[in-house]
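Single-structure report; data block below.
What you see is a predicted model, and the numbers here were worked out from it, not measured in a lab. Just so you know, residue 1 is the first one in the sequence shown, and it goes up from there.
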Amino acid sequence: METAIAGAGPTGLYTAVALARRGHRVTVVDRDGGPAPDGTWQRRGVMQFHHPHGVRQQVVEALEAEMPDVRDALLAAGATVSLVPAANGRPAMAIGLRCRRSLFEQVLRGTARTQPGVTLVRGHVDDVLRSRGRAAGLRVDGRELGAELVINASGRSGRLADDLRAPGETADCGLAYVSRHYALRPGAEQGPVNNPIGLMNRFAGYLSAVFLQDNRTVSVLLARRSADRELAGLRSPSAFEAAVRLVPGLDAWTDPGRSEPISPVLPGGHLHNSYRGQLTEQGRVGLPGLIHLGDAVCTTNPTAGRGIATSLLQAHRLVRTLGTDAEAAALELDAWCTGWIRPWFDDHMTWDPDQVAQLAGDDVGLSRPLTSGHIVAAAEADSSLMRVVGPYLSMTALPATLAEVEPAARAMYASGWRPPMPAGPSRDDLADLIRRTTPVTV
């Protein structure tokens, strides 16, 4: 089947390679031409490209099912397996890869570039071609690219074929962040960690994190309420470096004797949770032969690291179930996403406002069911809850399963227990530091 894919991010590239290996002829269109000859890659217009990412085990399993050579190439290029250590008679468990988004895309793009049946085209997708009530390809920079199947993998900010499905739902996550990549110096040991991903802490008014990555690199992150304009000053390199030297844990990782920065300070904002299915408001496929995929269907708060996982879960489902009837495939995918992808969107729609309220200093509310973040925090104090919370954290069980342990977690909060907060500078301390370290512009 002649297939045209709009978007050469992880979703588009994975789908292209998987379909080509099943006999399709695939053309992938993206306005980004890929890495420069020296290996650098700006990826303009894709803010999240340079920020930390979670390559979860669902992503690894999708690769193993369709293109194990890509998994092997990632490991050969310096990615490492992220493991939950063995404990209480349970063996160690792989939960994903430690890998930068840039490395992930470089390896996947390299595979697509050499894959028989895949053609990469640089250009801007203007619209979906329509003929006799069906998708007939893409209009690229004013020229027609014919296809029997069109896949919209244009990403979270894409507006392709907006008129062909219901508007969907969207909400601001309420968070913004800044991050910077560092490389460990030769022979330097790692800094402190408190989970398999790296180091994550909540302080009074902000969050801090260190994400372990490939090739002895880490990404250091500070997150704030998007409404907290004073802490937006952390995007200043002088303020960011002063802050990470002050925050416990981050200070150890960014010690000049242990690591050196290898990227600018990178701001991240305008973060949204969104969900938009395949169908029109009347419940029909808007244009037979057109399928929306990846971030074009669902985006979630990136601080949870679910984005590539929810996208490749969709892509893998599509390539496994796609037959000769693209309209039936769109209906099947829409129903499957409603059951298996939308719950992660719904989870953020309830938890994110609570997380923002916590950062503003509000106490947990007990007049309604606890949201997932409060239950996870309780499980860190009562390990018996991890029987249910663990599968949720690894995305092997849906958020609704947390209802089983919600009463136990609620009882903990009702008793007066609250998650302990590590010692460290407060939000006001960081705001004062920003005022003292940021150059005054006239």
Original post:
Is a salt bridge present between R258 and E189, judged by a nitrogen-to-oxygen distance below 4.0 Å?
Top reply: no
Original post:
Under a 4.0 Å N-O cut-off, is there an ion pair linking E241 with R180?
Top reply: yes
**OP:** Answer yes or no: are there more than 12 heavy-atom neighbours, outside R143 itself, under 6.0 Å from its atom CZ?
**Re:** no
Original post:
Does the distance from a Lys or Arg side-chain N to an Asp or Glu carboxylate O, for R245 and D255, drop under 4.0 Å?
Top reply: no
**OP:** On the 0 to 90° scale, with breaks at 30° and 60°, tag the H374-W351 ring pair as parallel, tilted or perpendicular.
**Re:** perpendicular
Original post:
Among all residues two or more places apart in sequence or in another chain, which pass the ring-ring contact (aromatic ring centres under 6.0 Å, His included) test with H53?
Top reply: none
**OP:** Spell out, as yes or no, whether a donor-acceptor pair under 3.5 Å connects the side chain of Q58 to the backbone of S394.
**Re:** yes
Original post:
Can you name the residues that form a side-chain contact (heavy atoms from CB on, under 4.5 Å) with T114, not counting sequence neighbours?
Top reply: none
Subject >> Pairing residues for W344 by the ring-ring contact (aromatic ring centres under 6.0 Å, His included) criterion, not counting sequence neighbours >> reply: Y392
**OP:** Establish, from distance only, whether the side-chain atoms of N152 and H292 form a donor-acceptor pair under 3.5 Å.
**Re:** yes
**OP:** Please determine, by modelled atom types, if T437 and S238 share a side-chain donor-acceptor pair under 3.5 angstrom.
**Re:** no
Original post:
Does one side chain, of T217 or Q213, offer a donor that lies under 3.5 Å from an acceptor on the other?
Top reply: yes
What side-chain donor-acceptor pairs closer than 3.5 Å can you find for residues 71-82, not counting sequence neighbours?
unit_1 : atom_1 : unit_2 : atom_2 : d
R71    : NH1    : E64    : OE2    : 3.2
S82    : OG     : P196   : O      : 3.3

Subject >> Residues that D162 engages under side-chain contact (heavy atoms from CB on, under 4.5 Å), provided they are two or more places apart >> reply: R159, R276
**OP:** With sequence neighbours excluded, give me every salt bridge (charged side-chain N to carboxylate O under 4.0 Å, His left out) pair touching residues 209-226.
**Re:** R100-D214
Original post:
For A223, which residues count as a side-chain contact (heavy atoms from CB on, under 4.5 Å) partner, sequence neighbours excluded?
Top reply: Y177, L207, L221
Subject >> No-hydrogen, no-angle side-chain donor-acceptor test under 3.5 Å, T303 and N301 >> reply: yes
**OP:** For A381, enumerate each residue passing the side-chain contact (heavy atoms from CB on, under 4.5 Å) test, keeping only those at least two apart in sequence or located in another chain.
**Re:** M412, W417
Original post:
Does the pair R21/D69 count as a salt bridge with the N-to-O cut at 4.0 Å?
Top reply: yes
Original post:
Taking atom types as modelled, is there a side-chain donor on T40 or D38 under 3.5 Å from an acceptor on the other?
Top reply: yes
**OP:** Only pairs at least two apart or in different chains count here, so list each side-chain hydrogen bond (donor to acceptor under 3.5 Å, both in side chains) that has a residue in residues 1-11.
**Re:** E2-R25
Original post:
Which heavy atom in I341 sits nearest to a heavy atom in C298, and how many Å separate them?
Top reply: CG2-CB, 3.7 Å
Original post:
Given S179 and H51, is the side-chain hydrogen bond (donor to acceptor under 3.5 Å, both in side chains) satisfied, shown in steps?
Top reply: CA-CA 7 Å; S179 68; H51 287 289; 2.7 Å; yes
Original post:
Any chance the side chains of D352 and N273 put a donor and an acceptor closer than 3.5 Å?
Top reply: yes
**OP:** Could you tell me which residues satisfy ring-ring contact (aromatic ring centres under 6.0 Å, His included) with Y206, sequence neighbours excluded, listed by chain and number?
**Re:** F203
**OP:** Among residues two or more places apart or on two chains, list those pairs meeting salt bridge (charged side-chain N to carboxylate O under 4.0 Å, His left out) that have a residue in residues 336-346.
**Re:** E169-R342, R342-D346
Subject >> Contact list for residues 290-311, test salt bridge (charged side-chain N to carboxylate O under 4.0 Å, His left out), sequence neighbours left out >> reply: R156-D295, R306-D347
